[in-house]
Number of protein chains: 2
Amino acid sequence: MYSEGMSASDTSERLIESTRELLWERGYVGTSPKAILERAGAGQGSMYHHFKGKPDLALAAIRRTAEEMRATAAGVLDGPGTPYERIEAYLRRERDVLRGCPVGRLTMDPDVIASDELRAPVDETLDWLRERLAGIVEEGKERGQFASGLDGESIAATIVATVQGGYVLARASGSPTAFDVGVRGLLSLLAPRQDQDQDQD
Amino acid sequence: MYSEGMSASDTSERLIESTRELLWERGYVGTSPKAILERAGAGQGSMYHHFKGKPDLALAAIRRTAEEMRATAAGVLDGPGTPYERIEAYLRRERDVLRGCPVGRLTMDPDVIASDELRAPVDETLDWLRERLAGIVEEGKERGQFASGLDGESIAATIVATVQGGYVLARASGSPTAFDVGVRGLLSLLAPRQDQDQDQD
DNA sequence: GTCTATATCCCGATAGAC
DNA sequence: GTCTATCGGGATATAGAC
């Protein structure tokens, strides 16, 4: 990452990490520089030395969170198993459901949506995820695991939406159960027919 | 509503409506009393005369928004058509997609989630919606329109989650398309088999 | 009921010492 | 690089005149 063998300053690093946590917990509008500085154990000057201001720091934090989410998803989606099994693994992977999605939640932040720069990493990440899932669905169709009438991109959007909406249901009810139930419903709709021809893995 | 023939004061009414708009646009954390007062054309005194403070006014606004959403959904779900057709009508009903769901978006607001009182109308509304949809799915199973292996409550959670997550995808990309695509994917998974026995409507 | 004035604290940012 | 001091304005609420 740091081609000259340098490392980012510890303070800069702590500022980004604190911002990531607070953006996840309270969103952009609900996160103040003061709260970030307190959590990072830094003073005002440090933040304005390393970053141009709150939007600039938030951008660094959002980019890192988005990257991390892509890496996590890729870890599951590139794993072993049939297309259905990989989708199931993605849907059932361990999540801190009640905390919500650190990327998706930003779409409800007016200031993030108002800024093309802040919105871009969010958009790119969810878009990447949909394309990745669409490819897996198409692969499943080729293998005969999914009905040939299904459209990869549509199903991919449904999968990502179910996850994002699952967070909403869980947070509304104060329990992760609703998330799991929604996922179960989707999997029951996606489940390969027992009596269908399928390639062996 | 007003048993004695009285009407709520116009000012109180305007305060609630302005709060509803701002909660939808900016969420609870992003909405200040000052902004509400400006939009309502009222002074500080009016607000603190009619309401105990920001949380109290927000509660009145959220309750009304929740009630309105239930009424809108009921209008479609109680409409004519087979179970599948009513679910399709719900999923395809006209929406201001890029504005997001005025109820669901509140689940991303830390202060709403931290307050049982503010969260309650949100929870009750999404819960009501899930139960209502679950009943329709069960009805569809009885009629043979849906596979008997499907679980009403799970499918209902998937439907509501797809809608809520559809808003997320749309707002991330800045276009309503992703919402529609996700809905299309879900409908393709729910679509009654052509060759299946079905009651006539 | 509604207004203005005031209070106290926080917001996001800048200045300049060290 | 990091600190503290300071700024102008906004957030939320109260006081008290009308």
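Labels below follow one simple rule: chain letters A, B, ... track the order of the sequence lines, proteins then strands, and each chain is numbered from 1. Only a predicted model underlies this, so the values are computations on that prediction, with no experimental measurement involved.
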Practice task
Output yes when at least one side-chain N/O atom of Ser9(A) is less than 4.0 Å from OP1 or OP2 of dG1(D), else no.
Solution key: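 No, because none of the side-chain N or O atoms of Ser9(A) sits under 4.0 Å from OP1 or OP2 of dG1(D).
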Between the side chains of [X] and [Y], does any donor sit under 3.5 Å from an acceptor?
| X | Y | answer |
| --- | --- | --- |
| Thr11(A) | Ser9(A) | no |
| Ser175(B) | Ser173(B) | no |
| Tyr167(A) | Arg99(A) | no |
| Thr31(A) | Arg26(A) | no |

Rounded to the nearest Å, what distance is computed from the [atom1] atom of residue [X] to the [atom2] atom of nucleotide [N]?
| X | N | atom1 | atom2 | value |
| --- | --- | --- | --- | --- |
| Arg14(B) | dG1(C) | CZ | C1' | 12 Å |
| Phe51(A) | dT2(D) | CZ | P | 11 Å |
| Glu38(A) | dC10(C) | CD | P | 9 Å |
| His49(A) | dA15(C) | NE2 | P | 16 Å |

Practice task
Let me have a per-nucleotide readout for nucleotides 4-18 of chain D, 5' to 3', with B, S or -, counting only protein heavy atoms under 4.0 Å.
Solution key: B-----SSSBB----
Exercise for the section: Flag the pair Met69(B) / Leu129(B) as yes when at least one side-chain heavy-atom distance between them is below 4.5 Å, and no otherwise. Expected result: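 They are in side-chain contact.
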Handout entry: Side-chain touch Ile155(A)/Leu190(A), heavy atoms, less than 4.5 angstrom
Key =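 Contact flag for Ile155(A)/Leu190(A) side chains = yes.
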